Amino acid sequence: MSAPADAPRDTGAPAAPVLGAAGLRVAFAGRAGRGTARAVDGVDLDIGAGEIVALVGESGCGKSTLARALLGLVRPTEGRVVFRGRALGHRPRELKELRRRVQLVLQDPTGALNPRHTVYDAVAEGRRIHSGSTADEQEHVAEALARAGLRPPERFFLRYPHELSGGQRQRVAIAGALVLQPEVIVADEPVASLDASVRGEILQLLLRLRDDYGLAALVVTHDLGLAWNIADRAAVMYLGRVVETGPVEDVLSAPRHPYTRALLSVLPESGSGEPQVLAGEPPDPTRIPGGCRFHVRCPVLASGAAAAAGVAERCRGEEPGMLSGSGAAQVACHWAHAPERV
Amino acid sequence: MDTASRAPAGRTAAGPPRRGRPGLHPAVRYLGGRVITALVSLLAVMVTSFFLFRVLPGDPVAALTQGRAVSVDQLEAMRRDFGLDQPLPQQFLDYCLGMLTLDFGMSYEYRVPVSELIAERIGPTLLLAGTGTVLAAMLGLALGTRAGWRRGSLMDRVDTGLALTLWSVPSFWLGLLLIVLLASGAGLFPTSGMSTPGVEGAFNVALDVAHHMVLPVATMVAVVYAQYMMIMRSSVLDEKGADYLTTARAKGLRDAAVLRRHAVPNALLPTVTLIFLNLGRVVSGVILIETVFAWPGLGSLFYSGLRVPDLPIVQALFVVFAGSVIVMNLLADLVYPLLDPRVRT
């Protein structure tokens, strides 16, 4: 039996993906004396129309790099970004369509907005880039601000970012994305820098945009609770590779990968018994272990459960394959697939 | 709806939109604070100037009468004439009262009011120093932007290395070198002065002055452009990692436009202060260059005044030099809020 090949389950996920990664790898040349950092090391991931996908993982696992590669900001070293069924080229003209259809929302709106541009300029910028200054620009800006929940929009036109609250700034950043009427928003930790009281509002906004306008989103986060709240599908990333993916209920309520379990066990509300603190050295993308990339820290292997299931050798020596990018629940773990497991 | 009508689509590009700021108080307080600080500095400079040059070795009367047979009575008369026979507190009082009425006294050496000398010499200095500073700033900003945006490239390393080498060269040495090579050597430029006697017609005079300016200006630019470049380079570097540049790129803005529309305007902010400070310093900064090229400006006047020491001249010039730094610093403080909305509250 080949390692990860789950029987694909039909999860009712939307059909044609708007944006996806196929065998995507991104490597960065290391500094002197260090090897190449394989930040993204073979990922398939599709985002369907109107679907919210959460990309979950520790910091440094490559999730932000994957997001930037999907936006064409980082060139993949291997594999490709698939946009509307076609491989994405990286010449400026080829990127232009992607840049209109796929929008980025960053973690910290204070840094993501030019401090010397008014709200109006910040929101209008995208339109000016793609359609020039048109007569109806003001209406579009007002509409985008209103859709992002800043009402009445005219009141915000001439404000500067430093005059707004954190939540309002993030709404301005989102309005700047919405003004181009995109199909997908890639949000990199969209609420991590916001006050807890404002987080809910911004998440509500993302959900409402999906419901009202069919806007798909890739939400990059280290916060499993957030993924649970807004995502349809979750992909858990470890050291540059997606190790478990599927509908969010499956992944988060019945995790199969030991890494996902460990992440969940430290949530206060998980209720799944003992919190499991991962031992061993922190993951280093310049030195990805052979075999299963998680095996050096894997609690299942350490406890002997993997040996009991007869897969310990494979954990150390055989790499579980890449998961497919579709909506099916899948896990890249020898132990989870072992038939002898009790 | 009045807010909407104040934000028409096109005008936002023209510059930061004006908006009625409620309450003038903070602005007035800001302005008042800066002006008071400037006045206090100016006062300190005046006091320093008086005592500093009296500590200098050298007796003006002895220096001016050197090599001539003068009687003790004549020396006494000169002293009385200059007011040097008065007790120091009385001299200080006269000096202060004079400063307040812009009466800097009579030059010991030239026997004319110092204010006349300054008025006569300030034009050439402003011409030389202004031209040099504008060129140096433009060159430095352009090179610094390029170097910061492409940090680590060959171009960055060559430009930065060259700028720092020139920065560490003494300006008088470079000036002399240029004179030896290009003026007295190759004969391309005049060796000294600001104009050739006998040239007539406005256009010809302008051309003649420009010809005389080439070497002093080149010397000045070569030596000082590095500081503009390094400041601009580092502030472009600071902006380079900013998230809003990523946002702009992700929206489809080309790299050159990201630099032009976002990075450069923001990186210019810290540079503005430096430029204003330098505008004050250029007046004094050209002393060596004016001396080397015998340029008839304030710098060479100061140099000749120091040798005597011609106290009224050096005192007045010291206050003028320091005062221009203070005034430009004040201007920088006042201009900054116009450029950066964050300081404006």
Side-chain angles (χ1 to χ4, degrees), chain A residues 67-68 71-73 92 95-100 102-122 124-130 133-142 152-163 173 176-177 179-180 182 186 188, chain B residues 1-22 26 152 235 238-272 336-345:
Chain A
R68 276 165 171 67
L71 285 156
L73 292 171
L95 282 174
K96 193 128 190 175
E97 183 66 8
L98 175 87
R99 298 259 152 98
R100 197 163 66 77
V102 183
Q103 289 297 307
L104 169 70
V105 173
L106 286 167
Q107 168 175 359
D108 175 16
T110 310
L113 297 170
N114 187 329
R116 294 176 70 223
H117 284 195
T118 57
V119 167
Y120 185 90
D121 284 334
E125 176 163 49
R127 256 194 84 77
R128 289 183 188 152
I129 293 167
H130 291 278
S133 284
T134 54
D136 58 348
E137 183 181 88
Q138 201 181 329
E139 291 153 41
H140 284 276
V141 171
E154 289 81 10
R155 262 188 47 210
F156 292 91
F157 278 179
L158 298 182
R159 307 282 286 273
Y160 284 94
H162 72 273
E163 301 171 320
V179 79
L180 288 169
V186 175
D188 191 350
Chain B
M1 276 321 281
D2 69 315
T3 8
S5 59
R6 275 194 284 145
R11 62 162 284 199
T12 32
R18 289 251 149 258
R19 174 157 76 90
R21 294 203 168 262
S235 55
D238 279 348
E239 296 299 324
K240 201 175 170 223
D243 275 350
Y244 63 81
L245 299 185
T246 311
T247 310
R249 266 191 211 104
K251 282 180 186 170
L253 207 59
R254 300 281 179 85
D255 194 60
V258 171
L259 175 66
R260 197 176 60 246
R261 282 199 220 167
H262 289 277
V264 167
N266 288 346
L268 271 176
L269 281 178
T271 320
V272 164
Y336 204 89
L338 299 180
L339 300 175
D340 189 351
R342 283 168 298 184
V343 198
R344 225 185 271 162
T345 355

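In this text, all values refer to a predicted model and were calculated from it rather than measured experimentally. Order of the sequence lines fixes the chain letters, A, B, ..., with proteins taken first and strands second; residue numbering starts at 1 for each chain. What's counted below: heavy atoms across the whole structure, side chains too, no hydrogens, waters or symmetry copies.
Summarising the geometry of B/Tyr244 relative to A/Pro115, their closest heavy-atom pair is CE2-CD, 3.8 Å, with the distance given to 0.1 Å. Taking all atoms of both residues into account, the shortest heavy-atom contact from B/Thr246 to A/Arg68 is CG2-NH2, 4.4 Å. A/His130 and B/Lys251 make their closest contact through NE2-O, 2.7 Å (heavy atoms, listed as atom of the first residue, atom of the second, distance).
The shortest distance between side-chain heavy atoms of A/Glu125 and B/Thr247 does not fall below 4.5 Å. Under the 4.5 Å side-chain criterion, counting only non-hydrogen atoms from C-beta, B/Arg261 is not in contact with A/Asn114.
Interatomic distance, B/Asp243 CG to A/Leu113 CG, rounded to the nearest 0.5 Å: 9.5 Å. The structure places NE2 of A/His117 at 6.5 Å from CG of B/Asn266, a figure rounded to the nearest 0.5 Å.
No part of A/Ala142 comes within reach of chain B, as not one of its non-hydrogen atoms sits under 4.5 angstrom from that chain. For chain A, the nearby part of B/Leu269 is the side chain; its heavy atoms alone come within less than 4.5 Å.
Looking only at heavy-atom pairs under 4.5 Å with chain B, the residue among A/Leu106, A/Leu71, A/Leu98 that has the most is A/Leu106.
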